[in-house]
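Single-structure report; data block below.
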Amino acid sequence: MPDLITSPQNPRIKNLLKLQQKSSERRAQGLTIIEGLRELTIAHGAGVAVPALFVCPELAGAGRQQELRTLFGAGLRSGLRYRRPCSRR
């Protein structure tokens, strides 16, 4: 089962945001971000290595999560689920 991240203060989430916002950070770390099942499928088909996969279960839904498991199951080094904190009303 993938690690569950529940805090936006988690270092992995903070690094993900840096990568998303700064091209200099992507170049320095030699990484990029691929968002969306369609884009991940294309990258996988092209042989792009996916070292980590972040999934928000509330947004992905069970069907998409299963597709991701089928696509990346055995070859993924790090699977992370990010559960967004519920807003208080």
Side-chain angles (χ1 to χ4, degrees):
M1 173 155 240
D3 296 337
L4 178 62
I5 298 173
T6 57
S7 171
Q9 299 306 313
N10 183 288
R12 293 177 189 174
I13 296 298
K14 286 184 173 184
N15 188 56
L16 182 67
L17 291 173
K18 272 197 254 181
L19 290 169
Q20 190 176 38
Q21 295 168 357
K22 298 182 179 187
S23 62
S24 60
E25 194 66 36
R26 292 190 296 272
R27 281 191 300 276
Q29 293 187 38
L31 297 171
T32 192
I33 294 176
I34 303 170
E35 294 185 59
L37 181 59
R38 178 174 169 247
E39 290 78 10
L40 283 165
T41 303
I42 292 168
H44 184 266
V48 173
V50 178
L53 183 64
F54 291 76
V55 176
C56 180
E58 294 86 357
L59 295 177
R64 291 276 163 103
Q65 290 180 67
Q66 182 56 47
E67 289 179 64
L68 290 168
R69 274 192 292 277
T70 300
L71 194 58
F72 295 104
L76 197 62
R77 291 193 319 233
S78 176
L80 305 167
R81 293 182 306 143
Y82 175 59
R83 185 170 303 277
R84 296 188 303 179
C86 297
S87 59
R88 295 183 180 205
R89 294 179 185 187

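We're numbering straight along the sequence, starting at 1. Remember, it's a predicted structure, so these values are computed and weren't measured experimentally.
- Contact between Leu37 and Leu68 at its shortest, heavy atoms only, is CD1-CD2, 3.6 Å.
- Considering every non-hydrogen atom in both Leu19 and Arg26, the closest pair reads O-NH1, 2.6 Å.
- Atom CG of Asn15 is separated from atom CZ of Arg12 by 10.5 Å, given to the nearest 0.5 angstrom.
- The stretch residues 7-43 participates, sequence neighbours left out, in no ring-ring contact (aromatic ring centres under 6.0 Å, His included) pair at all.
- Side-chain heavy atoms closer than 4.5 Å link hydrophobic residues (I, L, V, M, F, W, Y) into clusters, and following such links, possibly through other members, connects Val55 to Val48.
- Residues satisfying the side-chain contact (heavy atoms from CB on, under 4.5 Å) test with Glu39, not counting sequence neighbours, are Ile34.
- Distance check, rounded to the nearest 0.5 Å: CD of Gln21 to CG of Leu16 gives 9.5 Å.
- Under the 4.5 Å side-chain heavy-atom criterion for ILVMFWY residues, a single connected hydrophobic cluster contains both Leu17 and Ile5.
- By the rule that hydrophobic residues join a cluster once side-chain heavy atoms approach within less than 4.5 Å of another member, Ile33 and Leu31 end up as members of one cluster.
- Annotation: ring-ring contact (aromatic ring centres under 6.0 Å, His included) contacts involving residues 25-44, sequence neighbours excluded, comprise His44-Phe72.
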